[in-house]
Amino acid sequence: MSNTYYGDYLKLGQLLDCQSPRSEALNRPAHEEMLFIITHQAYELWFKQILHELHSVLKTLEQNYVEDQALNRVVTRLERIIEIQHLLIQQIQVMETMQPLDFLEFRDLLVPASGFQSFQFRLIENRLGLKSENRLKYHKSKYHESLSPEHQFMMLASEKETSLFTAIEAWLERTPFLQFGDYDFWQSYRQAVSDRFTADRIMIENQPLLSAEDIQMRLTQLAKSEANFELLFNPQNYEESREAGHLRLSYRAAQAALLIMLYRERPILQMPYRLLTALGTIDEQMTTWRYRHAQMIQRMIGSKQGTGGSMGYEYLIKTLESHRIFGDFNQLTTYLIPRSSLPDLPEEVASSLGFSYNQEQKI
């Protein structure tokens, strides 16, 4: 077996020959174009790694049962994606060392190429679970229409495949801890919430330092909070809100996710909680990257159109909310109550959530 040489293994000859500034080809070299190219090539390499991790995660979660060891591997790889996202955000700081006037020296040479044509980034969005109908249109066209025919085919095919969102939703729906024999967690939690609201109402009504107007205002706010909780306890109302586009998780999955959040300190739920936390963080990091990218674009070109024809800054800012994927998990904090108010679990349920968990019951 021959010795492996570092440069050959990494194919550095090809890799370091992949930077071809257009400004140099036109005999009007712009120093900053090299930074622009390398930064974006680095982005694409990290996008490839994220897709590699997502492929592994989805392959595991698509199984009918996810063993504890496999779930640990899923969480570890999602947390790796988060670390990569940190790097992607930090790379913007490197780009920001470029001055606007220096960028303008070669910007026109990029037209009509645009970061919007990064098929790997679009593929990441689809793999995570961004729905086509939730995407903002790109100069009145669908997102895939600006890509090459090959990449358009790839995007449309990916829309039909299992996404991380749908895989997680199905995984949550299999959570076995919502019903244990005669014990119904949901009814117990509803009673605990009702008791909490009753106690809060009594405390407000008997607060001697509040005026009648203040008491009424607080009671009104309490009633609104109570109405929010009722949505969670009414499957029909929940489904109506979901069909209206206000929610995305299925009712069963939302119940399971909330249980995991409420009892996350129980041994068997610690890893599922890390998983849900990772999903929320990935979504948050995607939003942060979009925001930082938008701010950089505004700093570089102001209100000019992007090289691909989009409205640049304005388009990117509008994607911050519409392109969220796992927002439902953050919304579930609406339905949390203080730990001290949580219903006591029956001994057999508490035992099942501990280290004596029966291995035949798998999430």
Side-chain angles (χ1 to χ4, degrees), residues 53-54 56-83 164-193 195-196 229 232-233 249-285 326-363:
E53 303 300 342
L54 286 175
S56 168
V57 165
L58 284 168
K59 188 175 180 181
T60 299
L61 290 176
E62 284 177 329
Q63 304 300 314
N64 289 331
Y65 297 107
V66 181
E67 302 286 350
D68 291 345
Q69 184 175 351
L71 186 61
N72 179 71
R73 188 165 58 247
V74 164
V75 171
T76 299
R77 289 176 182 172
L78 289 178
E79 291 175 343
R80 176 181 292 163
I81 290 174
I82 292 169
E83 292 304 318
L164 182 58
F165 182 93
T166 54
I168 289 293
E169 184 177 57
W171 172 77
L172 284 168
E173 288 173 347
R174 298 195 299 268
T175 299
F177 303 117
L178 296 175
Q179 187 81 44
F180 264 81
D182 295 332
Y183 176 71
D184 188 331
F185 161 75
W186 215 236
Q187 289 303 318
S188 298
Y189 190 62
R190 184 172 192 171
Q191 185 59 54
V193 168
D195 292 344
R196 180 72 190 182
F229 269 92
L232 196 64
F233 298 126
L249 270 180
S250 71
Y251 185 65
R252 171 79 181 183
Q255 285 183 315
L258 183 58
L259 180 140
I260 290 170
M261 295 172 73
L262 289 167
Y263 294 99
R264 60 184 180 268
E265 293 176 350
R266 302 282 178 167
I268 203 60
L269 296 181
Q270 289 176 10
M271 193 59 67
Y273 178 68
R274 278 180 60 189
L275 173 55
L276 298 187
T277 300
L279 296 175
T281 303
I282 286 173
D283 212 25
E284 179 183 327
Q285 293 288 85
F326 299 107
D328 280 21
F329 294 112
N330 291 332
Q331 297 246 14
L332 284 175
T333 56
T334 303
Y335 307 112
L336 299 180
I337 60 176
R339 185 181 282 104
S340 58
S341 299
L342 291 176
D344 293 328
L345 298 174
E347 181 59 35
E348 64 273 18
V349 177
S351 177
S352 296
L353 294 176
F355 289 113
S356 61
Y357 173 61
N358 183 350
Q359 291 300 316
E360 294 179 0
Q361 297 173 332
K362 306 178 182 69
I363 294 181

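Atom set for the values below is all heavy atoms of this structure, side chains included, hydrogens, waters and symmetry mates excluded. We count residues from 1, following the sequence as given.
- Within the 4.5 Å cutoff, the side chain of F165 has heavy atoms near those of the L249 side chain.
- Closest of all the heavy-atom pairs between N64 and R174 is O-NE, 2.9 Å.
- Separation of atoms CG (L275) and CG (L269) is listed at 12.0 Å; rounding is to 0.5 Å.
- A distance of 8.0 Å separates OH in Y263 from OH in Y189, rounded to the nearest 0.5 Å.
- Side-chain contact between I168 and L172: present, with at least one pair of heavy atoms (C-beta onward) separated by less than 4.5 Å.
- Rounding to the nearest 0.5 Å places CZ of F329 at 8.5 Å from CD1 of I260.
- Residues G327 and D283 share a closest heavy-atom pair of N-OD2, 3.4 Å.
- Atom CD of E284 sits about 9.5 Å away from atom CD1 of I82, to the nearest 0.5 Å.
- Under the 3.5 Å distance criterion, the side-chain polar atoms of R77 are left unmatched by any main-chain donor or acceptor of E53.
- Side chain of Y273 to backbone of A257: no donor-acceptor contact under 3.5 angstrom is found.
- Taking the side chain as every heavy atom from C-beta outward, L258 and L232 approach each other to under 4.5 Å.
- Looking at residues two or more places apart in sequence or on another chain, you find no side-chain contact (heavy atoms from CB on, under 4.5 Å) involving Q270.
- The salt bridge (charged side-chain N to carboxylate O under 4.0 Å, His left out) pairs that include a residue from residues 266-276 are E79-R274, where partners are two or more places apart or lie in different chains.
- Side-chain contact check for Q285 versus I81: every heavy-atom pair is 4.5 Å or farther apart.
- Residues W171 and V74 fail the side-chain proximity criterion, which asks for heavy atoms closer than 4.5 Å.
- Distance check, rounded to the nearest 0.5 Å: CD1 of I282 to OG1 of T277 gives 11.0 Å.
- When side chains are defined from C-beta on, D68 counts as touching I268, because their heavy atoms get closer than 4.5 Å.
- In plain terms, the two heavy atoms of K59 and Q63 that are nearest each other are O-NE2, 3.1 Å.
- At a threshold of 4.5 Å between non-hydrogen side-chain atoms, the residues L164 and L61 count as touching.
- Side-chain atoms of E169 never come within 3.5 Å of backbone atoms of A253 as a donor-acceptor pair (strictly under, hydrogens ignored).
- Every side-chain contact (heavy atoms from CB on, under 4.5 Å) that S188 has, sequence neighbours left out, goes to Y183, P343.
- Two residues are said to be in side-chain contact when any heavy atoms from C-beta on lie closer than 4.5 Å; V193 and Y335 fail this criterion.
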